[in-house]
Structures are given as C-alpha cells and as structure tokens.
Peer 1: 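Below are the structure tokens for one structure; questions will follow.
A, B, ... follow the sequence lines: proteins, then strands. Residue 1 opens every chain. Values reported hereafter were calculated over all heavy atoms of this structure, with side chains retained and with hydrogens, waters and symmetry mates removed.
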Amino acid sequence: VTAVISWIRRWYGAHPLHLLALLAAFALAGYAVRAVVDAGQWRGFAIWFVAAVIGHDLLLFPLYSLADLSLRRLLPRPPAGTGAGPGAGPHDGPGGRAGGAAPAGRPELVTPPVINYVRIPAALSLLLLAVWFPLILRLSSAAYFRASGLSAAPYLWRWLAVTGVLFAASAVCYALSLRRASARARKARAAEARTRSGRPHTEA
Amino acid sequence: MQGQPDRCGSRIGAAAWPRRGSYDIVTCWPGEGLAAVSRGFLAIVAEQKRHGPRGARLRARLRGRVAAQLAKQAGAQLDPRAGTQLARRAGTQLARRAAALTNRAVALADRPAGLLRQAASTPPPGPFRPKAWRSPLRGRWLTSLLGLVLLVGLPVLAVTGLLSYAAYDPRLPGNDQTPGAPLLKFYLFPWLTHPDWVYRLNQGVHITLGLALLPVVLAKLWSVLPRLFAWPPVQSVAHALERLSLVMIVGGVLFEFATGILDIQNYYIFPFSFYTAHLYGAWVFIGGLVTHVMLKFPQMRAGLRSRSLRRELRTPLAGTRPEAPDPSGLRAADPAPPTISRRGLLAAVGGGSVTLAALVAGQSIGGWARRTALLAPRGLSAAQSGELPVNRTAAAAAVTAADTGTSYRLVLAGARTVRLTREQLLALPQHTAVLPIACVEGWSFSASWTGVRLSDLARLAGIDHPRLALVESLEKNGPFRQVTLSASQLSDPQSLLALRLNGADLSRDHGYPARAIIPAAPGVHNTKWVGTITFTEPG
C-alpha cells in the first residue's frame, strides 16, 4: 500500500486523498451542470461562469489597482518631516514614522497621510455603485417598475448622498487625526523642553 | 590517442540522429579510408549536381545526410597508422563539415525543449514576475483571516439558499422551478408553517449577509491574486487539478453574487433562468468550497497562528511590517512601503460590509427601519410610496379590471365544484391573521390579513382533509401563476384566502379580489388574484 501511495505521489504530485477530494468535487460539479444542460441553459451558464472569473481577475482587479496607483500618484505625499535621514527604514510609510530619526533632535508636526481618507470612502462608494448600478443607472427601471410599481429615479441621488456622507465622515476622521498628530507633537516638544531645562522630574 | 577513434566512430555510427551535445569530430584521427572519403566526396558532388538548382535547404539536408553517412563509413575504417597526409586532410575536412551539420541539427532538435525549459524557469514579464506584486499587507495571515470570515459566512449563505429552495416544496407537483439532479435534493422536507417568520428570517439573512460578505470575498480574492500568475503555471497533475477546482470556487462565488445581485434589482440580463443558474451554480460552488477548505484548512490554521489579531488591531501604519516569508507565496517578494495598516485594511473591508448591510437590512426588518434601507429595492422607496411592497403589479400580470369586477367567481373544485362571488366569500366566516410576507429577493413586511380559511373552502368543496391543493391565479402567464400547497399548509388555521389587508379591501396590486396567504411560505406561493382552487382527496 505504501508503495502504491508513493507511486501515486510521484506520478500525481500529492497524496491520493487529494486526488479523491478533487475528483469528488468535479463529479458534483458535473452532476449539477448536467441539470443545467438538461434545462437547455448550459451555454449562457458556462459563459457567465467563465466571464465572472475573467471579469474579476483580468478586468476589475487591474482597473481598481490602476485607480489606486493613480490616486497615490495624484495625491500630494506628505512632507517626510525630518525622517529622510539615514534612520528612516525602507518600510516607513509616507509620513508614517517620519519624525523617528530627526537628526536635529526637534520633533516636528507630522502630517498624517491623506490617502486613506480619500480612497476608503471612494472604494465604499464604488462598491455601492458596483452592487446597485442597475437601479442607480436606471438600467433595470422598466422591469423594476413593472415588478414593484416604484420608480428607480431616486437611487442615483441616494447613492450620491451616501457618497457625500462617506466623504464627509472621512474628512471628520482626518481632521481628528490631524488634531491628534499636532497634540502629539506639542507633547513631544514640551517633553523635550523639560529635558533641556535640567530634567527636573527624572531626579526623583 | 588509443581510445579516440573508437569513441568517435561509435558516437557517429550509433547516432544517425544524435540527441544532443557537441560532437567534436575534428579531434578524431581520420587515418586511412581515402577510398571511402573520395567516394563520399564524389557522391556529394554528384548529389549537388543533380539537385543543384533546387533550394539551398534541400541541398543542405542532403549534404548533411550524406556527410553523416560518410563520416560513419570513415569512422568505421579509421586507422591512425595507415593514413596518408592527404587522406587525413580530406577526412578531417569532411568530418568537420559533418560535425558542424550534425551539431546544427542537434541544436535545431533541442530548441523547443530548451525553450520550454527556459520558459519554465524564468517567468514572462508582467504579473508573472513575483516582484510585480508589492503590497506589503499580502500574506498568509491576512488571507487566512479573510478565509476564516468566509468559512463562517459562506456556509450560512449556502444553507439559507438551499432552505429557500426547500421552502418552495419542490417535491409537490409543479412547484419545482429547477427540475433535475434528484441526488442534489436529498435534504428536502415538507416546508414548515411555524414559526411564521422562518422564511422571512431566512431570506433576510441570505440577502443581507450575502451583500455584507461581498467586500470580504473581494478582499480575499485580492489577497490571493498573485497566485493566479504563479510560475510555472502547472507544477504537477495535482497542481493542475487543484487550479481547475479553483474555477469552481472563484467562478462559483462571483457567479452566485452576480446573479443574486442582479436578480434582486430585476435586472434580468442573464441568458438563463435565475432559479436554475443560482441553484446549480451554488452546487458547483459548494463542491469547490468544501474541497478548498479540506485542502487549505491546515494552512489557514497555521496562517492564523502566525500573527496575533489583537496585536494587529493595535498596530498603526508606522509599525506595519510585511509578514514573514513563507512557502505559500502570498507575501510579496519585494514589498513596497505600506500606505495603510493591516487594521486599516480590515476596517475598510468591515466598513464596506457594514455599509452594504446597513443600507439594505431595513427592507427585511420593516417598520421604521425600512426608511434606513436607502438603496434596497423595497426599502425607503417602498416606505415613501405609502403602499406595502409588491413583487408583481397587476399591470405586469396583465390582470385587468374586467377580470376582477362583478363577473369574478372563485371556483372551488374537489368532490364538488362551487362558484363563489366576492360577496359570498365575505359572507363566510372571516378570520384575521397577522402574518409576514417575504420575497425570495429578501424584502418582507408583516401585516394583518382577513379572509376565509383555506380549510373552510376545502370543506365547501366536499373534502375535509385535502392532501394537496392547486391554487391558480387569474393571471395568464408568469412562472408563479399556480402553486401546489401541502396538507400541512392547507390545514393550518392561519392559511387564508385573504380578502382584506390591514382592515381595507385588498388593492389590485396586492391581489384583489382574493389572494392566498400561507404562514412561512415564500412570497410567490401566496398566489394573488386567485381564480381556482382544486383540492385533492387524501390517499
């Protein structure tokens, strides 16, 4: 038995159970697809199945990656503070630990990067559009009206309103993070001032 | 020197079409064989004369064949001691020529195999190069975490979906929208009438959870996308089959989400029946999912153990480092500096889930919450219309005022046939039930329905305990113009032929003059504009 298993391993490239599991899955899929064939709908089914994979992997993914890269190029990178010195590691994000190795020894106000406060609401808004585009763009408005007696007209405005709220909420979050950053910088400056004036607190 | 002729001769002699390597015949001592050489030389000249004007390729081929033959002969007759200078020169020249030709032939024969070998070891440019993938957040921990969320969520989605199919009582005549594949209907049971909210809950969870999982699915696919371009594309039979099975899970999940999302918006652009495709697509997906989990579970567990979620949730961008390299190949070979922390990415994905769910859940909850469902098909819009939502208007069903006017008669068929006007129906004992009505598309509402019990109507038709009833609508077309109800649905005291909704006569869109309302049944089984009910005797 061990010899057979090792022979299968060599020929197949994995444990025989791996093969059995996959064959079972293919059998199930084949059986399910046969019902679609019997219903006379296999062609559209197959096309949509493959188009779903291609549409995501080779269309949607490159598009949103490109959008993200373009956004990163377009947005102003925050000044790297004084962290451009030798101490800044390769993995310090833009504005991340920028003040870490200030050679002058004076911590400065580090502006948090704005990128995530733009791309997250943008991504959420696009996600909503990707899901609800038939209603938002009124592509299905006739069938929707026949089914529900309702108009698809408000959906575009509601989507825009939600988008506006998402960006507004993001702006508030960004303002709060700016405040936190400036408070941190103030505190650091105060601490530094204390250490320069003879470390009054550390002698206790 | 001793072994050389032997080696040279046997090599050339044995290999009329040598496989590879360089045959340095020049190092051989050609020796004697002047006769053979000159014979060969003359043969070449003769061949060239005969085929001279024809293409160079043919000549080269002939020359190669003849030269190989000659070299073979020369090799067989080699004798280092007996050779004259002339013979040696001629032989050397000829042998050199033969060697060059042979080497060229060998190189040509080796080219495809060599190209393949080279291609296998060096990936083509673009996404096939590992260094093209630079996100520092990709790695087995992130993929495993997203996988864990899906491992919990997707089975719930699958089970609620299959329950939704069971709710149609597809074993009753005419109810199965997707006939075929009897083995895949092993789990069916007579659908319940209690609790009456079970279908409402099932569909609300199916649609809302499905939408909430979409960002997680997209993030999971993003996290493993470099593997799509792994090089070499196929490493073994096992690898090839496993990649093929990924079409089932990736194609399946995207197919199910796409068809489901389009269907709830009545965007019927697909060239197949939604019921058929969504059900059997789900089975393809389930097969892929079960296999994928079986094969990847150990990796997921190891991945989850490789980092602490709690620590990640406390790590800001400044402290975000790439995951440790591991054999999974998910972590970037050359990670770029991060632009978002891991917790930031998780927050974005979770935020997407919450946003999608929050803007749709209200259509399933009903009441004041319906107004929060801004983007749901029967959310705020339905609430603002002042009407309870419907999934098929009278206009769409082509049910006219003439059909439902004074000429309307409800036909009850059983042991005897009875025809009743709406007034006669209103004169029968009236019962009121507060029941939800829920659509397969996820929306639902609860209302007070008043009308005649179906069991009372069965008795009027002369059948006390009907086994089945076929309920037919006045509607001429449409996949749900008729439905078969089960014995338990017919005997339930809350199963009504409703005449009034929330204290007022039914509106035409809600099924005036009379409609069925069955506890816990799918919305489309609550037939509107009921024209005929045929009761079947027990046994």
Peer 1: Could you point out which residue of B/Ile261, B/Leu211, B/Leu359 forms a side chain to side chain contact (heavy atoms under 4.5 Å, CB included) with A/Trp132?
Peer 2: B/Leu211

Peer 1: Below 4.5 Å from any heavy atom of chain A, which atoms of B/Met294 appear? Answer side chain, backbone, both or neither.
Peer 2: side chain

Peer 1: One pair to check against side chain to side chain contact (heavy atoms under 4.5 Å, CB included): A/Val33 and B/Tyr280. What are the steps and the verdict?
Peer 2: CA-CA 7 Å; A/Val33 168; B/Tyr280 293 116; over 6 Å; no

Peer 1: Report which part of B/Ser135 has an atom under 4.5 Å of a heavy atom belonging to chain A: side chain, backbone, both, or neither.
Peer 2: neither

Peer 1: Side chain, backbone, both or neither: which part of B/Leu295 has a heavy atom under 4.5 Å from chain A?
Peer 2: side chain

Peer 1: Apply side-chain contact (heavy atoms from CB on, under 4.5 Å) to A/Arg119 and list each qualifying residue two or more places apart in sequence or on a separate chain.
Peer 2: A/Asp68, A/Leu71, A/Arg72, A/Ile115, A/Asn116, B/Thr339, B/Ile340

Peer 1: What part of B/Val290 gets within 4.5 angstrom of chain A, counting heavy atoms only: side chain, backbone, both, or neither?
Peer 2: neither

Peer 1: Which bit of B/Ala282 is near chain A, if near means a heavy-atom gap under 4.5 Å: side chain, backbone, both or neither?
Peer 2: neither

Peer 1: With a 4.5 angstrom heavy-atom cut-off, could you sort out which part of B/Pro316 is near chain A: side chain, backbone, both or neither?
Peer 2: neither

Peer 1: In terms of heavy-atom pairs under 4.5 Å, which option from A/Gly149, A/Gly13, A/Pro134 contacts chain B the most?
Peer 2: A/Pro134

Peer 1: What part of B/Leu225 lies closer than 4.5 angstrom to a heavy atom of chain A: side chain, backbone, both or neither?
Peer 2: side chain

Peer 1: Considering only heavy atoms, which portion of B/Val360 lies under 4.5 Å from any heavy atom of chain A: side chain, backbone, both, or neither?
Peer 2: side chain

Peer 1: How are the rings of B/Trp133 and A/Phe61 set to each other: parallel, tilted or perpendicular (split at 30° and 60°)?
Peer 2: parallel

Peer 1: Do B/Phe272 and A/Trp48 have ring centres separated by under 6.0 Å?
Peer 2: yes

Peer 1: Using non-hydrogen atoms and a 4.5 Å limit, figure out which bit of B/Phe257 sits close to chain A: side chain, backbone, both or neither.
Peer 2: neither

